[in-house]
Protein chains: 2
Amino acid sequence: MSWPINVTIKEVGPRDGLQNEKKLIPTKVKTDWINQLSQSGLRHIEITSFVHPKWVPALADAKDVVKSIQRKEGVVYTALVPNQKGLEAAIETNVDEIAVFMSATETHNKKNVNKSIDETLPVLRQTAEEAVKANIPVRAYVSTAFFCPYEGRTNSENVRRISESLLEIGAYELSIGDTVGTASPMQVEDTLNHLLKGIPANKLAMHFHDTRGTALSNTLKALEMGIQTFDSSCGGLGGCPYAPGASGNTATEDLLYMLHQMGIKTGVSEEKMVENAMFMENHIGKPLPSKALQAHKGKKAILAKNGENR
Amino acid sequence: MSWPINVTIKEVGPRDGLQNEKKLIPTKVKTDWINQLSQSGLRHIEITSFVHPKWVPALADAKDVVKSIQRKEGVVYTALVPNQKGLEAAIETNVDEIAVFMSATETHNKKNVNKSIDETLPVLRQTAEEAVKANIPVRAYVSTAFFCPYEGRTNSENVRRISESLLEIGAYELSIGDTVGTASPMQVEDTLNHLLKGIPANKLAMHFHDTRGTALSNTLKALEMGIQTFDSSCGGLGGCPYAPGASGNTATEDLLYMLHQMGIKTGVSEEKMVENAMFMENHIGKPLPSKALQAHKGKKAILAKNGENR
């Protein structure tokens, strides 16, 4: 069995992770955290969202966050934008890249952006074209690509159709999202088999949520099928706000652990990522779902108990 | 890619899960739990250990547990035994099967049973021979098969040598243990490549711990290599006693979720297993690591918040 030699990790914790947190995180803490994340070897960080604060109050300080961080050379800082208004904020604050989004299922898209899929595409096309004119690369999320909380199992052909539309309007990469975290390796295989018919693997990223614990097994399947880019969230942030133990995105530390143990290079420091997760865990005030983080804390506790100091 | 149509799950929560718990669980709670586990479709449950209570105080009530449970027809009830003395207790209490154990690394074996590997084998041989004479099937654990906390990465050839010895003394199945929970899919592939040279896949079970979140990706790799038997622990019990959030064995519910989503039959009810995990979580008094359990609780919390009642 073979898998890629190198993998690119796109950290989405400051946006996808924090957007669902009940506890309001001060802007200063967010920017300190993003600055730390920038020092861990990551080359891509999605730092906030220019969605209307009415919908995502946790990220109402989007502009302040983008303006306050220390940009590290070589790191691409991305903001999520829903439309041209979001793009204007992105241009004003000088982000490096925008990410647009659309669901692969009608009901989820309607609930999320109050438009049908066919109504959403022209909005994204206009946004993407303006962005490209302004020399801002566009990434595109395909949400509910595996399962929709309203419609059930997503039709893989719909995922392919929407993916191709998003590439056609100018996205350089698609992030295929298991929004609810229900996918299994078999579904990943099926969906990727459909997508890879018409789309090269290097234009696809996988965006798994670990709600049922399958994020890393889904990652393994995607690696086996040639995917080399994965979204993840430091600490595994992004869980359901009503369930303290529930998982969010793939935890970046867990992903790093598995990849590095398999000899796959990421350029990102596991040690620093665990520190970054611990930093945010202390601010959020509850254990984050990342297993690598909890294992690290367990190891420290044992060493402390044994009077060892390393 | 293909994987097996059927998988056998061996539930080890009452033994491997509870043996590390700091909180003492009353015998009545254990037996109620085992009785519930028996009703979930499981065919194999490891219910306790006849190791000296000095070493595993949490299971000091081993005989009482075995005597108090309601045996369900078709379910094999197993006890862990270290030697002939343990076997005597197993015979006295009429367990259906015994499991013996040995480490693949010298230092871990020495720390665990105070004997070298070469000194342990004759003890296990005698125990296994007596068990077979008494019509009690013998399962054998190979611990630290991937990594040893004292010696580091385990040599796969040593794992093969010990595995073949354990089959030769009469074990019908080997459970290959990632005791510390550090294995990655690449290590699983490497170790299984060595083992499958001389041992048929149907004599091998995998026993993963989810300490770093890799248990299900390791399971996927093992499935792809033809393994059909997996040990797991209801609720993901068995974590480090000094780290509240740290993971133990593969959580049975998480394993069931992935397998069933992949169309693999287990005969075990996911719904009942989540209820069983919730039962033990309430007694232990802290969230268990199982993701499927926490996702289930999150879903219930959302429905309750929305005033829905299903």
Side-chain angles (χ1 to χ4, degrees), chain A residues 1 3 180-187 189 210-221 223-225 236 239-247 250-251 253-255 257-264 281 286-305, chain B residues 1 3 180-187 189 210-221 223-225 236 239-247 250-251 253-255 257-264 281 286-305:
Chain A
M1 185 58 63
W3 34 71
V180 198
T182 61
S184 76
M186 188 172 80
Q187 290 182 295
E189 185 176 69
D210 200 29
T211 322
R212 276 101 183 152
T214 53
L216 287 186
S217 53
N218 291 338
T219 300
L220 178 63
K221 176 47 69 191
L223 288 168
E224 289 174 354
M225 296 182 79
C240 164
Y242 309 108
S247 284
T250 312
E253 314 83 82
D254 294 357
L255 179 59
Y257 180 83
M258 184 176 87
L259 295 173
H260 294 169
Q261 289 289 318
M262 292 169 71
I264 297 169
E281 183 175 88
K286 65 176 186 202
L288 295 184
S290 156
K291 302 250 174 182
L293 169 63
Q294 302 310 332
H296 175 81
K297 284 160 60 188
K299 204 171 163 187
K300 273 181 65 175
I302 289 171
L303 293 174
K305 184 184 161 274
Chain B
M1 184 60 63
W3 33 71
V180 198
T182 62
S184 77
M186 189 173 77
Q187 289 181 296
E189 185 177 68
D210 200 29
T211 322
R212 275 102 182 150
T214 52
L216 288 186
S217 53
N218 291 337
T219 300
L220 178 64
K221 177 47 68 190
L223 287 168
E224 290 174 354
M225 296 183 77
C240 164
Y242 308 109
S247 283
T250 312
E253 314 82 82
D254 294 357
L255 178 59
Y257 179 83
M258 184 177 86
L259 294 174
H260 293 169
Q261 289 289 318
M262 291 170 70
I264 297 169
E281 182 174 88
K286 65 175 186 201
L288 295 184
S290 155
K291 302 251 175 182
L293 169 63
Q294 303 309 333
H296 176 81
K297 284 160 60 188
K299 203 170 163 187
K300 273 180 66 174
I302 290 171
L303 293 174
K305 184 184 161 275

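When reading the values below, keep in mind they use all heavy atoms of this one structure, side chains included, and skip hydrogens, waters and symmetry mates. A note on names: the letters A, B, ... follow the listed sequences, proteins ahead of strands, and every chain is numbered from 1.
- Contact tally against chain B (heavy-atom pairs below 4.5 Å) for A:P185, A:A215, A:A183, A:A292: the top residue is A:P185.
- Closest of all the heavy-atom pairs between A:M186 and B:G263 is CE-N, 4.3 Å.
- To the nearest 0.5 Å, atom CE of residue A:M258 and atom OG of residue B:S184 are 8.0 Å apart.
- Note: B:R212 leads B:H260, B:Q261, B:R212 in heavy-atom pairs under 4.5 Å with chain A.
- Side-chain atoms of A:M262 and B:K221, non-hydrogen and from C-beta on, never get closer than 4.5 Å to each other.
- Proximity to chain A (any heavy atom under 4.5 Å) is shown, for B:T182, by both the backbone and the side chain.
- Rounded to the nearest 0.5 Å, atoms CG (B:L216) and CG (A:N218) are 9.5 Å apart.
- With a 4.5 Å cut-off on non-hydrogen atoms, B:E253 does not touch chain A at all.
- Ion pairing between A:D210 and B:K291 holds under the 4.0 Å rule for side-chain N and carboxylate O.
- Heavy-atom minimum distance, B:S217 versus A:L220: O-CD2, 3.3 Å.
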